[in-house]
Amino acid sequence: MIPVVKPYLPSREKLDKYLDGIYERAWLTNNGPLVQELTARLEEYLGVENLLLVANGTLALQVAYRALGVSGNENGEQQEAITTPFTFIATASSLKWDGVQPVFADIDPNTWCISPENIEQAITSNTKAIVPVHVFGNACDVEAIDEIARRHGLKVIYDASHAFAVQYKGESLLKHGDASTLSFHATKLFHTGEGGAIIFRRKEDLERAKKMINFGITGPESIGEVGINAKMNELQAAMGLCVLDEMAENLTARADVWQRYQEALGNAVQLQAKGHALSYNYAYFPIVFNSEKQAVHVAAALKENGVLARRYFYPSLNSVECFEAKADQSVSKDIASRILCLPIFSELTEINLAQITDIISDSLGGRSHD
Ligand SMILES: *Cc1c(COP(=O)(O)O)cnc(C)c1O
């Protein structure tokens, strides 16, 4: 089976050297030297400041909300955050887990990111924050969102899990909002096995979050506010340092796969419309068909031939009962019903991609008259 994603495995010899160092120092966690080194190298690579490594991308979101004062109740009122229904479940479940009600605003039918007009309409007196997602590495309308947030006094936390290394107008996309979060899960473009990071706009928020991820401990015998354990460990950092060293090769291989898909399928299916002045990271290759029937049919044809395409992100989160969505976000529901993500990872350059694109073209052709 060709999977939809495959963890990138860096040089084993290099990883072994880092492991030797960990054994010599016997320092496995609590802001060790490899975590410090990875922090500095990622800040440089991404072109950002105030980066905090954490244990995973979900905790990155939860710690970012808390550090920015977005949590549960305030004066007895249930707090709300406006987010997109077209995302991985963790974006919304992390809010709910922290006692904040996610309120969905529908997406743009072309970029598939949350639409600023719909955000504006969803704002109530209980809205505390906006949590947009740069879905599949495409940039949200960051200027419009930052402006709405300023006008209404809201915090903005971008779930940038898909936007590693994406540049917008010549700068890191991660510089927008009060914070941006990354996931370094094994299947993400850059990974540490499990892991994540928060990029804060302000240093004081970073300092608060640093204590929060270590139980709220402020000194050997003192505790500040309530915290959690969200620390990255040295083994995760060692993997990250090795993956980062090979990022250029990984990106080149993915770009090649991405372009070959685009050439073969670009005219037959809908692709995501990318914002202007945006560099892309080739992390995903999502395609949208004319109907749900067609998407399901193509997925089945691929599976019969040993290729797993996945329905990301299906179902649209406004259809998931536990979120108690009030309105029907019809654009998100519609795109979610017709989308498939095709396999994309660096080793795919070694197989004949035409095998995959021919199956898709054939099953589209065979169905064109129904
Ligand atoms: C992967 C992902 C997450 C969760 O990250 P983990 O590291 O798996 O906890 C959150 N949001 C989005 C959009 C993701 O794709």
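One-based numbering, in listed order, for ligands and for the atoms of each.
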Checklist outcome for this item: Near ligand 1 (heavy atom, under 4.0 angstrom), the protein residues are Asn56, Gly57, Thr58, Thr87, Phe88, Ala90, Thr91, Asp159, Ser161, His162, Ser183, His185, Lys188, Gly195
Next on the checklist: Donor-acceptor check, side chain of Arg338 to backbone of Ser291, threshold 3.5 angstrom: yes or no?
Outcome noted: no
Checklist entry - Could you give all pairs that pass the side-chain hydrogen bond (donor to acceptor under 3.5 Å, both in side chains) test and reach residues 16-27, with sequence neighbours left out? => result Arg12-Asp16
Item to check | Sequence neighbours excluded, every pair satisfying side-chain hydrogen bond (donor to acceptor under 3.5 Å, both in side chains) that has a member inside residues 309-325 | outcome: Lys96-Glu324, Glu292-Arg311, Ser316-Asn318, Ser316-Ser332, Asn318-Gln329
Checklist entry - Can you name the nearest heavy-atom pair linking Lys231 to Ile213, along with the distance? => result CG-O, 3.4 Å
Item to check | Residue pair Asn56 / Glu194: nearest heavy atoms and the distance that separates them | outcome: CB-OE1, 4.0 Å
Checklist outcome for this item: So side-chain hydrogen bond (donor to acceptor under 3.5 Å, both in side chains) across residues 268-284, not counting sequence neighbours, yields none
